[in-house]
Amino acid sequence: MRYDLVIFDNDGVLVDSEPLSNRLLAGYLTELGHPTTYEDSLRDYMGAAMHRVHDVVRERTGQRLPDDFDDTFHARVFAAFRAELEPVEGAVDVLKALTDAGTPYCVASSGSHERIRVGHRKTGLDAWFPEEIVFSAEDVGRGKPAPDLFLHAARRMGAAPGRCVVVEDSRLGVQAAVAAGMDAYGFTAMTPEDRLTGAKGFFRTMEELPAILGL
């Protein structure tokens with residue numbers, strides 16, 4: 001099937017940020033008295049907006065995270081991004097193939113606009129993603145697994161949800177795509193297939209994606 005719009009998740013799909021950000025998140029939560037391993041962070045928070053971290057900690061412990069939690073965490077993440085972040089191998093080749101085929105694409109991320117931009121500037125992906133095709137959970141009331149962000153992106157891009165495909169690497173992201181009535185393909189470089197329930201198919205390297213998208 002040729003789709004009218006390809007919607008990319010950002011972290012772990014376009015930029016190789018999940019190892020960095022989840023290592024830092026686990027460390028910061030542990031510092032604050034909420035012991036969290038890297039694996040815990042991947043399981044509970046990968047692909048989620050920041051409000052999920054606050055919600056999960058409050059549900060499990062009855063405690064609230066500090067008011068400056070988001071600002072402190074983002075400062076640590078942005079510093080790591082500027083020093084270490086790389087694009088996901090093969091992502092630029094996929095964007096070139098979409099451009100050559102005339103297939104519209106965009107990014108819809110649980111991260112803030114600032115987080116997306118910091119990562120894109122460091123990796124050179126800003127050349128492929130002008131502001132008008134960058135969408136963040138900040139733009140809607142609820143982040144993934146709610147469908148709001150993907151539906152917002154489709155509406156802004158002028159595409160019917162049923163003609164959109166989402167490229168995701170997180171359980172919450174796939175759930176959001178399915179809830180939005182969109183096909184989802186799961187990127188399994190970091191996430192096992194069995195954690196991406198609901199995906200229409202799976203791929204392990206970006207080299208496989210153009211054929212899946214009918215390019």
Side-chain angles (χ1 to χ4, degrees), residues 5-22 24-25 41-42 44-55 70-71 73-78 80-82 85-88 91-92 94-95 98 104-157 159 161 164-180 182-187 189-191 196 199 206 209:
L5 177 66
V6 179
I7 304 176
F8 290 95
D9 176 43
N10 189 55
D11 292 293
V13 171
L14 296 172
V15 295
D16 194 17
S17 53
E18 294 292 8
L20 291 173
S21 59
N22 281 281
L24 291 169
L25 180 57
S41 184
L42 290 176
D44 294 337
Y45 306 121
M46 183 173 166
M50 285 302 294
H51 67 76
R52 178 176 170 82
V53 182
H54 292 264
D55 293 345
D70 289 12
D71 290 341
F73 175 65
H74 285 140
R76 296 182 184 188
V77 168
F78 294 167
F81 281 8
R82 292 183 180 108
L85 191 62
E86 298 290 342
V88 168
V92 169
V94 175
L95 298 173
L98 288 168
Y105 64 86
C106 66
V107 60
S109 171
S110 292
S112 66
H113 278 283
E114 184 180 10
R115 177 186 173 117
I116 297 167
R117 278 294 165 226
V118 168
H120 283 193
R121 283 194 293 268
K122 172 61 169 65
T123 59
L125 289 175
D126 55 337
W128 296 93
F129 288 95
E131 289 290 344
E132 60 267 23
I133 63 169
V134 175
F135 305 103
S136 161
E138 289 182 323
D139 303 331
V140 295
R142 299 180 299 167
K144 306 169 189 177
D148 304 38
L149 175 56
F150 290 142
L151 292 173
H152 171 71
R155 186 166 55 250
R156 289 287 299 274
M157 296 292 292
C164 297
V165 62
V166 176
V167 182
E168 264 287 355
D169 71 331
S170 76
R171 174 177 58 88
L172 298 175
V174 170
Q175 289 175 356
V178 172
M182 301 176 182
D183 287 346
Y185 283 92
F187 184 33
M190 281 189 61
T191 310
L196 299 176
M206 283 290 165
L209 187 55

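- In this view, E131 and R117 satisfy the salt bridge (charged side-chain N to carboxylate O under 4.0 Å, His left out) rule, not counting sequence neighbours.
- Using a 30° and 60° split on the angle between ring planes, F81 and F78 fall in the tilted class, from 30° to 60°.
- Side-chain contact between V88 and F187 is present, with heavy atoms from C-beta onward closer than 4.5 Å.
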Quiz prompt | Trace of the side-chain contact (heavy atoms from CB on, under 4.5 Å) decision for R52 with L172 | solution = CA-CA 11 Å; R52 178 176 170 82; L172 298 175; 3.6 Å; yes

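- Look at K144 and D9 and you find a salt bridge, because one of the NZ, NE, NH1 or NH2 atoms lies within 4.0 Å of a carboxylate O, short of that distance.
- Considering all non-hydrogen atoms of both residues, L149 and S109 come closest at CD2-O, 3.4 Å.
- The shortest side-chain heavy-atom distance between V134 and H113 falls under the 4.5 Å cut-off.
- Between F8 and F129, the ring planes are perpendicular. Angles over 60° get that label, and only those under 30° would be called parallel.
- Between F150 and F135, the ring center distance fails the sub-6.0 Å criterion.
- Remark: the D11 side chain and the S17 side chain contain an N/O donor-acceptor pair separated by less than 3.5 Å.
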Quiz item: Can you check side-chain contact (heavy atoms from CB on, under 4.5 Å) on E18 and T191, steps first, answer last?
Solution: CA-CA 11 Å; E18 294 292 8; T191 310; over 6 Å; no

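- When all heavy atoms of S112 and E138 are compared, the pair lying nearest together is CB-OE2, 3.3 Å.
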Quiz item: Between R76 and L25, does a side-chain contact (heavy atoms from CB on, under 4.5 Å) hold up when you go through it step by step?
Solution: CA-CA 9 Å; R76 296 182 184 188; L25 180 57; over 6 Å; no

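- A 4.5 Å side-chain heavy-atom check between L20 and V77 finds every atom pair outside the cut-off.
- Residue L209 forms a side chain to side chain contact (heavy atoms under 4.5 Å, CB included) with just one option from V94, V6, V13, and that option is V94.
- Contact between G143 and A137 at its shortest, heavy atoms only, is CA-CB, 4.2 Å.
- Of all heavy-atom pairs between P145 and A179, the closest is O-CB, 4.5 Å.
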Exercise. Kindly indicate, with the supporting measurements, whether the criterion side-chain contact (heavy atoms from CB on, under 4.5 Å) is fulfilled by V107 and I133.
Key: CA-CA 6 Å; V107 60; I133 63 169; 6.0 Å; no

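- For L42 against M46, the heavy-atom pair with the smallest separation is O-CB, 3.1 Å.
- In this structure, CG in D169 is found 9.5 Å from CG in L14, a value given to the nearest 0.5 Å.
- Looking at heavy atoms from C-beta onward, P19 lies in side-chain contact with M190 at the 4.5 angstrom threshold.
- Counting only distance, with no hydrogens or angles, the side chain of H74 and the backbone of D70 share a donor-acceptor pair below 3.5 Å.
- Although no hydrogens or angles enter the test, the distance criterion places a donor-acceptor pair under 3.5 Å between the side chain of S136 and the main chain of G111.
- Between the CZ atom of R171 and the CD atom of Q175 there is a distance of 5.5 Å, given to the nearest 0.5 Å.
- Considering all non-hydrogen atoms of both residues, P161 and A180 come closest at CB-O, 3.4 Å.
- With rounding to the nearest 0.5 angstrom, the CZ atom of R82 is 11.0 Å from the CG atom of L85.
- R115 is listed as a side-chain neighbour of S21, based on a closest heavy-atom distance under 4.5 Å.
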